[in-house]
Amino acid sequence: MKYKLLVLGGSGFIGSHVAQRGINNGYETYVVCKTLPKQEKLIRDVNYINLDITDKNKLLILSQISFEYIINLSGYVDHSSFFEAGKELINLHFSSLVNLVSTIRKDNLIRFVQIGSSDEYGDNIAPQVETQIEKPLTPYSFAKLASTNFIKFLFQSENFPGTILRPFIIYGPGQKKDRLIPYVINRSLKNENFEVSSGKQIRDFLHIDDAVDAIFLSLNEDAVNGRIINLGSGHPRSVKSVIQFIVKEIGLGNPLYSDFKIRKGENLELYPNLDLVKKILNWESKISFELGLKNVIKSYKEDG
């Protein structure tokens with residue numbers, strides 16, 4: 001019997017990698033997405049379900065299938081203020097999760113993996129550890145934290161088999177071009193001048209393959225239930241050093257550094273303590289940043 005795996009947000013950057021791994025690992029894999037991928041991006045043998053998760057009535061279709069594993073990667077990163085898009089972000093990330101959990105069948109559910117965000121830590125001191133009291137600074141991070149607390153509450157009150165994996169920056173092939181690494185690579189390949197922040201932020205960059213490894217390990221470990229677990233490479237570095245590495249590797253591009261590009265309230269040092277993930281999942285990243293980034297640059301060159 002094949003276990004059934006549901007990936008919400010499975011057409012996105014992380015979700016598509018998770019869906020492909022699901023197929024590779026022998027799961028009967030289903031993907032929920034608001035917009036179906038283009039024909040050439042469809043993953044063979046994946047069952048695509050096209051629906052808007054903010055529509056409670058349309059979620060009912062999911063109750064027709066009993067899933068053993070669910071990974072929630074739905075939504076998107078948006079640092080807008082509450083009065084710009086706060087209500088929509090909270091609805092997308094939190095209200096939809098409540099509706100989803102209320103809808104799905106629990107009879108065969110082994111694990112529900114909620115993908116959180118390092119932004120939930122706010123301005124906490126680095127390295128951020130799971131026991132810190134979170135300090136969300138945007139509607140996005142607030143909604144993510146509300147989702148985290150909801151999953152923890154369900155575990156404590158209903159023994160719901162849910163966990164929260166809290167990744168720091170994940171990078172790799174297929175990422176949206178407005179994210180830091182794809183942005184710098186694309187501008188450098190075109191040998192353009194491009195604006196970036198001063199680059200003094202310290203961040204942790206985790207390769208997508210390592211992140212997916214951790215996600216799938218969590219599916220088979222009951223000790224993750226009710227816990228928040230950080231994911232990261234364990235090798236923090238400055239954003240400026242990342243930009244410089246890309247420009248040097250490509251041999252083109254001219255970054256224009258400016259403090260004006262730093263977001264208001266942004267934590268300049270955001271990187272994780274990884275003791276818990278090592279203890280519970282016996283996991284640590286395997287792909288060095290230099291090798292991972294060289295491979296990403298290579299993929300962008302090949303894609304033209």
Side-chain angles (χ1 to χ4, degrees), residues 1-77 91-116 147 150-151 154 160-165 167 170 172-176 208-222 224-225 231 299 303:
M1 183 194 80
K2 277 190 173 185
Y3 286 121
K4 292 182 176 65
L5 168 68
L6 175 64
V7 185
L8 294 112
S11 63
F13 163 53
I14 302 174
S16 59
H17 284 268
V18 169
Q20 183 63 68
R21 184 74 66 88
I23 294 295
N24 295 349
N25 288 2
Y27 292 92
E28 186 177 329
T29 304
Y30 295 75
V31 158
V32 166
C33 50
K34 185 176 181 180
T35 305
L36 285 172
K38 293 179 181 178
Q39 187 66 35
E40 63 272 16
K41 295 288 186 179
L42 292 173
I43 299 171
R44 186 177 178 181
D45 296 328
V46 164
N47 303 286
Y48 286 92
I49 303 172
N50 185 206
L51 64 84
D52 183 350
I53 63 167
T54 62
D55 188 328
K56 186 176 181 179
N57 293 325
K58 290 184 178 178
L59 279 174
L60 290 172
I61 192 174
L62 299 179
S63 65
Q64 298 174 15
I65 307 171
S66 184
F67 298 100
E68 282 83 16
Y69 301 101
I70 299 176
I71 301 170
N72 185 22
L73 283 150
S74 60
Y76 50 83
V77 179
N91 184 39
L92 175 61
H93 289 278
F94 176 63
S95 303
S96 296
L97 173 63
V98 174
N99 291 335
L100 171 68
V101 172
S102 303
T103 300
I104 58 172
R105 292 167 57 180
K106 290 86 173 173
D107 47 345
N108 292 319
L109 186 62
I110 296 172
R111 192 86 60 241
F112 186 104
V113 180
Q114 171 70 18
I115 304 299
S147 300
F150 179 60
I151 296 298
L154 286 178
F160 182 75
T163 185
I164 305 94
L165 300 185
I170 297 177
Q175 196 170 20
K176 284 187 176 180
I208 183 64
D209 289 348
D210 283 331
V212 174
D213 285 346
I215 290 170
F216 276 85
L217 283 173
S218 74
L219 298 184
N220 299 304
E221 178 50 70
D222 289 341
V224 303
N225 286 344
L231 297 183
S299 74
D303 291 342

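Keep in mind that what you see is a predicted model, and the values were worked out from it rather than measured.
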Determine whether a donor-acceptor pair (N or O, by modelled atom type, separation under 3.5 Å) exists between the side chain of N25 and the backbone of Y27. no

Contact check, side chains of R111 and N220, non-hydrogen atoms, under 4.5 Å: no

So CG of L6 and CG of N47: to nearest 0.5 Å the spacing works out to 10.5 Å

Is there side-chain contact between F216 and V18, with at least one heavy-atom pair below 4.5 Å? yes

Other residues, nucleotides and ligands only: do more than 12 of their heavy atoms fall within 6.0 Å of NZ on K106? yes

Specify the closest pair of heavy atoms between Q114 and S147, including all atoms of both residues, with the distance to one decimal. NE2-CB, 3.7 Å

As a quick check of understanding, evaluate side chain to side chain donor-acceptor pair (under 3.5 Å) for S66 and D107, giving each step before the final call. CA-CA 7 Å; S66 184; D107 47 345; 2.9 Å; yes

Just wondering, more than 12 heavy atoms not from E40 lying within 6.0 Å of its CD? yes

Using only atom types and a distance under 3.5 Å, with no angle test, would you say the side chain of Q175 pairs donor to acceptor with the backbone of I170? yes

Has N72 got a side-chain atom pairing as donor or acceptor with V7's backbone, closer than 3.5 angstrom? no

Counting N and O atoms only, with roles assigned by atom type, does the side chain of E68 sit under 3.5 Å from a partner on the main chain of K4, one being a donor and the other an acceptor? yes

What I'd like to find out is whether the side chain of F150 reaches to under 4.5 Å of the side chain of I164, using heavy atoms alone. no

Mind checking whether I115 and P167 have side chains closer than 4.5 Å, heavy atoms only? yes

I'd like to know if the side chain of S96 reaches the main chain of H93, judged simply by a donor and an acceptor atom lying under 3.5 Å from each other, with no hydrogens or angles considered. no

To the nearest 0.5 Å, atom CG of L59 lies from atom OG of S102 at 9.5 Å

Tell me, do L62 and R105 make a side-chain contact under 4.5 Å, heavy atoms counted? no

Rounded distance [0.5 Å steps], CG in D45 versus CD in Q20: 9.0 Å

Kindly indicate whether the side chain of L219, heavy atoms from C-beta on, has any atom under 4.5 Å from the side chain of I110. no

